[in-house]
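Have a look at the structure below, then the notes.
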Amino acid sequence: MSDARKPFPFREFEPQWQQRWESEKTFRTPGPGDENFDPTKPKFYVLDMFPYPSGAGLHVGHPEGYTATDIVGRYKRMTGHNVLHPMGYDSFGLPAEQYAIKTGQHPAITTAANIETFRRQLKSLGFAYDWDREIATTDPEYVRWTQWIFLQIYNSYFCEETNKAQPVSKLEAKGWNRDQIDEVRLAFVADTPVWWSPDLGTVLANEEVEEWKSKGHTVERRPLRQWMLRITKYSQRLIDELDTLDWPEGIKLLQKNWIGRSEGASVKFQISNFKFQIEVFTTRPDTLFGATYMVLAPEHPFVPQITTADQKAAVEAYQKACSSKSDMDRGDLNKDKSGVFTGAFAINPVNGEQLPIWIADYVMMGYGTGAIMAVPAHDERDHEFALRFSLSIKQVVQPNDNSDWQGYTAYGTAVNSGFLDGLPTAEAKAKMIDWLEEKSIGQRRIQFKLRDWLFSRQRYWGEPFPIIWKDGKHHAISESELPLLAPPLDDYKPSGTPEPILTKATDWVHLPDGSLRETNTMPQWAGSCWYYLRYCDPKNTGRFLSREAENYWTSDKPGMVDLYVGGTEHAVLHLLYARFWHKVLFDLGHLTTPEPFQKLVNQGLILGEDGQKMSKSRGNVVNPDDVVSEYGADALRLYEMFMGPLEQVKPWQMKGVEGVSRFLARVWRVAFEEQDGQWNLSTKIQDVPCTDKTLLRIVHETIKKVGEDIEKLSFNTAISQMMICTNAFTQAEVVPLKEFTQLLIVLNPFAPHVTEEIHARVAAVSNRQVSLLSESSWPTYDPEALVRNEIELVVQVNGKLRDRFMISKDADEEAAKAAAFASSKVTEHLEGKTIRKIVFIPGKIFNIVAN
RNA sequence: GGCGGCUUGGCGGAAUUGGUAGACGCGCUCGACUCAAAAUCGAGUUCUAACGAGUGUGGGUUCGAGUCCCACAGCCGCUACCA
């Protein structure tokens, strides 16, 4: 762009303001114990989801949420709040390690370089972060407290009586022995089938599997000894306490479905010719009379015992086939049920019938008991399976409408069910459960889909577990040894075996007393589970955060953070894990709120100009750096907020950036006129009272609307209003300085650089000393100034607009009627009709109903 | 399959609680300035020559529906054999 076309010299002043804010620590947030801390000021904690500092740098999606929170933070500051608005980096993670494998560079080096890039980019956008509170999850001081929190979890169990986590020392006091305690710790070791990727050299969480497979990595199922966190103990609380939060209903529902509570019963089936029973879980105990066969998961531990000799080969072949199937394969084969008969039979406790026991991969070992009673008449999957293998189908529910009973899964009336006959499903369920409990062969049971959290990884770039092994038992290392950092390695390449990579560091692993270090590391989620806590007291060396800081930054609501903005992709993982950790720390008395995030807002995805998801392969990616250098940080910020509602998905339009950039230039030219390449103060700017009633009204409407809209996070409409206000100033003969400054203040949170620059330049010309706009108070609007004496009254005939005219704001019905019937546009639509009714809404509508 | 979200001009989007549909911006058209262009400023811009019609489609409630109710369709996202 040539100099002549530059709308205003943003390239000069944007970096200058950023430097000034930084050197003066304009946005420093004093906390308890800090200089200038004022405990009487109300606090406001507004948080962004911190970025993973990838090599690609900031994406335009990042500044969307970040600008939104920045506007809210700056606004709250102007309304007298002590605002905590921090930023940091989620800097552990697999990509850094993959990069290290490729280049041989230590992940710490690439991570530091990436953080450097992110920091520069964030600073170039003028966000009002307190940079003294910046954190990175990879900092040793941060790792220390991540490990410390892990130890709190490790040293706790879930007390069923109080429904809370408690220290295991309570169990010791009760005389529990070491092994018993290890059984109940919230962090425990278990052999469990996990997703293992040989070429990544680590296990993956269920939810990570697809992502890495799509990048060409292989993933297989195998049982491994892993660290798990007992999040399932919190299932009910994680569901119930959602109700106390101000989150989008959709996200709450997503979490509820993920946790997946269902009510039903467990039922024990005696196995023919064996001494033991197999337990199933069902949500439909009322259909027990309709059970015609039983299905076990292929991995079910009883399978080898019950399989008959002539079925052995078939069963083992099937088990083998299943173990190599991935989730995806199972999904593809969804419609095509498969399974093998074990040769064994179970006895239906209600009628003594012999039920053939099958194994099939549509039954999952990880849910319920890994075994089901199959009721093909009233369960879709069982129905399909029964048809496929010609198993018998017996009706036990009569539909209440005329539907076919075959495959009817809804509620109805029990039939062919002995003592349940004639009962509606709900009552039949209850009666069956009572019967089972009475006979001690079953009981009421609540089942959750949520599984315990697989918490260990075999990679290098993560927090090592603060655990050592001695005589086959795990022990916490002492807190004084924290942080326990991973030793440097020369080679990060996966070995192809599930051995954690840290095993290679033999000197580090083997301790003098013969004990061994745990070589697994924590997943990336660990750091993001508590970063919002550390921001409150980031430099504390004695505690993860001080009690004073926690007390001050916490709220009187259940959730600590007042506003949390981020993408919807974290609806179930990060947001569930963080809630879990927070609750454990709350239970143990380290925190005073039960929830981390009171209000959550999901920003909508920004699509490419072509309306498609931005991606390198489509070539529709917009780089924020380019936008900043061409139009400036203020224009980028403003554009991202003007695009549409924050939560909506919306496409990028470079023409729109030009539009808001033009708007900022218009604001600039209200104050300055160009002459010989110099911007001189406009003669229209005058330090006089505003005599233009309309202009004054618009300014006060703007103060009111922008404030209200920021509270509602309706930034696009706030910007519209400021455009209207600017247009009014552009057209005014005289621009009263006070009112113009008010516009600058309300625009400042959106476009902080250009507003500060205008403000400072105007002051310089008139030789006045002014403080930073960022430190101004939000202006108050004058309700008097908002009043319009004349309003437009709309006249309708039968609900259709026929005429409109200006009328006094408090005109009564008589006056309105007189005016309405004086209009020929109105009366011509009344010809030949009788007036039935008149609806008069003062100040709005005068509707004549006639026919 | 299940769940959630969305659907308003050429485009992004406005519209408190049911009360003037299309604010604001983009684009486009015309005009001013200019030798000319850019930039800027001003006027216009839902469709239709007009009568009228109009917020995905069809119905309903109401004096009045983008907004409330019922049914349906199309896009997008998440999830997926959870017993």
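Because only heavy atoms are used, hydrogens play no part in the values below, and waters and symmetry mates are left out as well, while side chains stay in. Bear in mind the structure is a predicted one, so any value in this text is a computation, not a measurement.
The partner of B/G1, taking Watson-Crick or G-U wobble pairs whose two distances both stay under 3.5 Å, is B/U79. Of the nucleotides present, B/U45 is the one that pairs with B/G27 by Watson-Crick or G-U wobble criteria, both distances under 3.5 Å. In this entry B/C51 has no Watson-Crick or G-U wobble partner, no candidate having both defining distances under 3.5 Å. Under the Watson-Crick or G-U wobble criterion, with both distances below 3.5 Å, B/G74 is paired with B/C6.
In this structure, A/Ser714 and A/Thr283 both approach RNA chain B, and ranking their closest nucleotides by distance from the 5' end singles out A/Ser714. Mapping A/Arg802 and A/Phe448 onto RNA chain B by nearest heavy atom places A/Arg802 at the nucleotide closer to the 5' end.
In terms of phosphate contacts, A/Gln648 brings a side-chain nitrogen or oxygen within less than 4.0 Å of OP1 or OP2 of B/G13. Considering only side-chain N and O atoms, A/Arg666 lies nowhere under 4.0 angstrom from the phosphate OP1 or OP2 of B/U40. Here A/Ser262 reaches the OP1 or OP2 of B/A83: one of its side-chain N or O atoms lies under 4.0 Å away. At the phosphate of B/G27, OP1 or OP2 sits under 4.0 Å from a side-chain N or O atom of A/Lys655. Of the side-chain N and O atoms in A/Gln731, one or more sit less than 4.0 angstrom from OP1 or OP2 of B/G42.
Candidate nucleotides B/U40, B/U17, B/A21 were compared by shortest atom distance to the side chain of A/Leu801, and B/A21 ranks first. When the nucleotides B/C81, B/A83, B/A14 are ranked by their closest atom to the side chain of A/Thr717, B/A14 comes out on top. Looking at the side chain of A/Val363, the nearest of the listed nucleotides B/U20, B/A83, B/G25 is B/A83. Of the candidates B/C78, B/C81, B/G19, B/G19 carries the atom nearest the A/Ile841 side chain, counting heavy atoms from C-beta on. Out of B/C24, B/A83, B/C78, the shortest distance to the side chain of A/Phe281 is found at B/A83. Set against B/A83, B/C24, B/G13, the side chain of A/Ser720 has B/C24 as its closest nucleotide. Of the candidate nucleotides B/A83, B/G25, B/C11, B/C11 has the atom lying nearest to any side-chain atom of A/Gln653.
Counting any heavy atom pair closer than 4.0 Å across all strands shown, A/Gly656 reaches no nucleic acid atom. Among the atoms of the strands shown, only primed sugar atoms or phosphate atoms (P, OP1, OP2) are found under 4.0 Å from some heavy atom of A/Val649. Contacts of A/Asn847 with the nucleic acid, taken as non-hydrogen atoms under 4.0 Å apart, include base atoms. Nucleic acid contact for A/Asn727: sugar-phosphate only, since backbone atoms but no base atoms lie under 4.0 Å from a heavy atom of the residue. Within the 4.0 angstrom heavy-atom criterion, base atoms lie near A/Val794. The residue A/Gln721 sits apart from the nucleic acid: no heavy atom pair falls under 4.0 Å. Within the nucleic acid shown, A/Lys449 comes within 4.0 Å of at least one base atom, counting heavy atoms only. Backbone-only contact: A/Arg669 has heavy atoms under 4.0 Å from sugar-phosphate atoms and none from a base.
Rounded to an integer number of Å, the gap from CG of A/Asn602 to P of B/C6 is 13 Å. If you take CD of A/Glu733 and P of B/G42, they are 12 Å apart, rounded to a whole angstrom. Distance CZ (A/Arg804) to P (B/G19): 16 Å, rounded to an integer number of Å. Taking atom CZ on A/Arg445 and atom P on B/A83, their separation rounds to 12 Å, with Å as the unit. Between A/Ile359 atom CD1 and B/A83 atom P there is a gap of 22 Å when expressed in whole angstrom units. As a whole-Å value, the separation of A/Arg662 CZ from B/C26 C1' is 8 Å. Atom CG of A/Asp610 and atom C1' of B/G12 are 15 Å apart (whole Å). Residue A/Asn257 contributes atom CG, which lies 18 Å from atom P of B/G1 at whole-angstrom precision.
A/Met614 is listed as a side-chain neighbour of A/Val622, based on a closest heavy-atom distance under 4.5 Å.
The gap from the C1' atom of B/U17 to that of B/C68 amounts to 12 Å, rounded to the nearest Å. Comparing the P positions of B/G5 and B/A65 gives an interatomic distance of 26 Å, to the nearest angstrom. Atom P of B/A37 sits at a distance of 12 Å from the matching atom of B/C30, rounded to the whole Å. Comparing the same atom, P, in B/U20 and in B/U55 gives a spacing of 15 Å after rounding to whole Å. Remark: the separation of the P atoms in B/A38 and B/U29 is 11 Å, to the nearest Å. Nucleotides B/A43 and B/A49 are separated by 26 Å at their P atoms, to the nearest Å. For the P atoms, the distance from B/U67 to B/G56 is 8 Å, rounded to whole Å. Across B/U16 and B/A23, the matching P atoms stand 15 Å from one another, rounded to whole Å.
Under the 30°/60° scheme for interplanar angles, the aromatic rings of A/Tyr577 and A/Trp453 are found to lie parallel. Note on ring orientation: taking the six-membered ring where Trp is involved, the planes of A/Phe385 and A/Tyr293 are parallel (angle under 30°, cut-offs 30° and 60°). A/His574 and A/His570 have perpendicular rings, their planes meeting at more than 60° on a 0 to 90° scale where under 30° would count as parallel.
The base of B/C81 lies close enough to the side chain of A/Lys337 for a donor and an acceptor atom to sit less than 3.5 Å apart. The base of B/U17 sits within donor-acceptor range of the side chain of A/Lys844, with an N or O pair under 3.5 Å.
Under 3.5 Å, the side chains of A/Tyr411 and A/Asp286 contain no donor-acceptor pair of N or O atoms.
Within a 6.0 Å radius of CD in A/Glu380, other residues, nucleotides and ligands contribute 12 heavy atoms or fewer. Within a 6.0 Å sphere centred on NZ of A/Lys817, other residues, nucleotides and ligands contribute 12 heavy atoms or fewer. Surrounding CD of A/Glu828 are more than 12 heavy atoms belonging to other residues, nucleotides or ligands, all under 6.0 Å away.
B/G9 has its base syn relative to the sugar, with a glycosidic angle deviating from 0 by at most 90°.
A distance-only check finds no donor-acceptor pair linking the side chain of A/Arg637 to the backbone of A/Ala751 [under 3.5 Å].
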